[in-house]
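These notes concern the structure reproduced below.
Just so you know, these numbers come straight off a predicted model, no measurement behind them. Residue numbers count from 1 along this sequence.
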Amino acid sequence: GDGDGDVESSLIAMLDQIVYVLTDFTESNIKFWEGHEALLPFVQQGRLDFARFEAEKDDCISLRVSGKVLAKGQVKNPVVVIGNYLIDTLSQDIFQVENGVLKEGLVSVHMQEVASESDREMDDTNGDRTMCSIQNEYKYQKIENQ
């Protein structure tokens, strides 16, 4: 998903005879796109469709406008995926092998408060300290046989 639909309207105008499918796992985003004025001409031309899709849960994509279902083994043409916000939302595992021992990585996320007003002035987020003060801590523990 893109959010405001502007990138999609420009991209679709350049691509001929391709059906672009906007997906998201959030219903409110899909409803927004369905009513977006700049996207409506492409929907009417059959060049844009929408679907709710959760990458870690769903095994097919049900298109809302055409009613078609995109599923493994049923799509004849190549599928191109542009996942600008997809990769960072997928669950991930981290492992390490150290001296022949397999270890599982455990990640903790901590937010550190900005200590003083002068530190806040150096903060380039104009007072929003959330991103600049987040720190990840990685610990690895041996995986025991189960």
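Annotation for Leu90 and Ala55: closest pair CD2-CB, 3.7 Å, computed over non-hydrogen atoms. Between Trp33 and Thr23, the shortest heavy-atom distance links the atoms CH2-O, 3.5 Å. For the residue pair Ile94 and Val107, the shortest heavy atom distance occurs at CG2-CG2, 4.4 Å. The two atoms that bring Ser62 and Ala51 nearest to each other are O-CB, 3.3 Å, heavy atoms only. Between Leu70 and Val21, the closest heavy-atom pair is CD1-CG2, 4.4 Å.
A salt bridge does not link Arg52 with Glu34: none of the charged nitrogens is closer than 4.0 Å to a carboxylate oxygen.
Expressed to the nearest 0.5 Å, how far NZ of Lys68 lies from CG of Leu63 amounts to 8.0 Å. Expressed to the nearest 0.5 Å, how far NZ of Lys103 lies from CD of Gln96 amounts to 6.0 Å. Thr26 OG1 to Phe32 CZ: the interatomic distance, rounded to the nearest 0.5 Å, is 13.5 Å. Ile82 CD1 to Tyr20 OH: the interatomic distance, rounded to the nearest 0.5 Å, is 5.0 Å. Between the CG atom in Leu102 and the CD atom in Glu144 there is a gap of 11.0 Å [rounded to 0.5 Å]. Atom CZ of Arg64 sits about 5.5 Å away from atom NZ of Lys31, to the nearest 0.5 Å.
Tyr138 and Val109 are assigned to two separate hydrophobic clusters, defined by single-linkage of ILVMFWY side chains at heavy-atom distances under 4.5 Å. Val65 and Leu40 are members of different hydrophobic clusters when ILVMFWY side chains are connected at heavy-atom separations under 4.5 Å. By the rule that hydrophobic residues join a cluster once side-chain heavy atoms approach within less than 4.5 Å of another member, Phe53 and Val80 end up as members of separate clusters.
Residue Glu37 places its CD atom among 12 or fewer non-hydrogen atoms of other residues, nucleotides or ligands, all under 6.0 Å distant. Sparse packing is recorded around CZ of Phe25, with 12 or fewer heavy atoms of other residues, nucleotides or ligands lying under 6.0 Å away.
Contact annotation: the side chain of Tyr140 never approaches that of Glu104 to less than 4.5 Å [non-hydrogen atoms, C-beta and beyond].
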Criterion side-chain contact (heavy atoms from CB on, under 4.5 Å) on Asp59 and Lys72, from CA distance to verdict
CA-CA 8 Å; Asp59 59 0; Lys72 183 177 180 179; over 6 Å; no
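Side-chain N or O atoms of Asp24 include none that pairs as donor or acceptor with a backbone N or O of Ile30 at under 3.5 Å.
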